[in-house]
Amino acid sequence: MRKLNNILVSILLLVTASLVVASNVNEDPLEREVLNIAEKLRCTVCQNQPVAESNSGLAKDMRNVIKEKLQQGKNEKEIMQYFVDRYGDYVLLAPPKSGNGVPLWILPPLLLLLAVIGAILVMKKRGEEKIITPPTPLSEADQERIRHARSAMDESGENE
Amino acid sequence: MMRQVWWVIIPALIILFGLLGYGLTTNPKHIPSPLIGKAFPALQGKDLNGNNVTLGVVQGKPMIVNVWASWCAACQSEHNVFLRGARRYGDSISLVAINYKDELVNAKRWLNRLGDPYQWSFHDLSGRAGIELGVYGVPETFFINKHGIIVAKISAPLTDKMFERGVTLMSAAE
């Protein structure tokens, strides 16, 4: 029994020790910063993958450049500009909000707005069309016939 | 009512297909270089023999910079263009190279085998000089006029025709 206890305790110790060790692992904040910037840059050889995720040689080199620049005290904006100056706006995964990139940002909401306005106009028009115009009022002769028929029905109804 | 709607939809469709057609026919791998019209940056490093070199325009001479690597098959196909170009223009143009992410041994062997048209090759083992120049693949070729301004950048294997065009552009921009 004692032996079993010892084994259990050592297992417990091992498990908790591994937890303590695991919680002590912390990431390099610089590495995180590098990835934050690399996520916004397009890997120029893989078309639609961010530099942060690509395994291509160029992406690795670009991550190294980002790291170096951060160590030199450059901020994110300066580093992004460094790449834009060399690879053009293409290197930005999100197109710039100025110059050539403006239509890309403005057009979708504008088209949506136009579509909504169009839809409202069309629906309004259709709504108006659907209203049933009241039938022309019956002539005096027709109303007389109805009255006549009703009174005839009432008389026969009394007998039922 | 329906007639009016078609007047909007048809032009919109024509514009849409026009844009789609344009998008499909252009090469997505071609990235226009923002460096054209800018000064070629001076880069310091070593050549394949370990000598210190500065990549930059010397003595007001137009310069062609070819980015190559021994592991790049397309570089072999354009190599003859540079051999012919070097013979043709001799000293009037400085033809230099950046040896991109390559082992020295392989690079030297490659030049021995195919012939060396370059005054020297800048050894860019890390690819840093490449990034400095916005290089995203090899081969790439820069044409720089005598004032040190980049007038053209080709991101493809060069042909004799492109070489001549580059030379014209370099001398045209005074």
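Convention: sequence-line order gives letters A, B, ...; per-chain numbering from 1. All values below were derived from every heavy atom in this structure, side-chain atoms included, with hydrogens, water molecules and symmetry-related copies excluded.
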query: Side-chain heavy atoms under 4.5 angstrom apart, residues restricted to Ile, Leu, Val, Met, Phe, Trp, Tyr: same cluster for B:Ile149 and B:Phe40?
result: no
task: Using a heavy-atom cutoff of under 4.5 Å, enumerate the residues of residues 117-134 of chain B that contact chain A, numbered in order, or state 'none'.
output: B:Ser126, B:Gly127, B:Arg128, B:Gly130, B:Ile131, B:Glu132, B:Gly134
query: Which atoms of A:Val84 come close to chain B, meaning under 4.5 Å heavy atom to heavy atom: side chain ones, backbone ones, both, or neither?
result: backbone
- prompt: Closest approach of B:Pro34 and A:Gly88, non-hydrogen atoms and distance?
  reply: CG-N, 3.1 Å
message: Let me check something: do B:Leu83 and B:Leu48 share a hydrophobic cluster, defined by ILVMFWY side-chain heavy atoms less than 4.5 Å apart, either directly or through other members?
response: no
query: Any link between B:Ile15 and A:Leu114 through a network of hydrophobic side chains (Ile, Leu, Val, Met, Phe, Trp, Tyr) touching at under 4.5 Å?
result: no
- prompt: Is there a path of hydrophobic side-chain contacts, each under 4.5 Å between heavy atoms of I, L, V, M, F, W or Y residues, that connects A:Ile66 with A:Leu93?
  reply: no
- request: Check whether A:Val51 and A:Leu35 end up in the same hydrophobic cluster, where Ile, Leu, Val, Met, Phe, Trp and Tyr are linked by side-chain heavy atoms less than 4.5 Å apart.
  value: no
Under 3.5 Å, sequence neighbours excluded: what are the donor-acceptor pairs made by side chains of residues 16-25 of chain B?
{"unit_1": "B:Thr25", "atom_1": "OG1", "unit_2": "B:Gly21", "atom_2": "O", "d": "2.8"}
{"unit_1": "B:Thr25", "atom_1": "OG1", "unit_2": "B:Tyr22", "atom_2": "O", "d": "3.2"}

- prompt: Is atom CZ of B:Arg88 surrounded by more than 12 heavy atoms (other residues, nucleotides or ligands) closer than 6.0 Å?
  reply: no
message: Quick test of your reading of the model: are B:Lys101 and A:Asp61 salt-bridged, counting only N-O distances below 4.0 Å?
response: yes
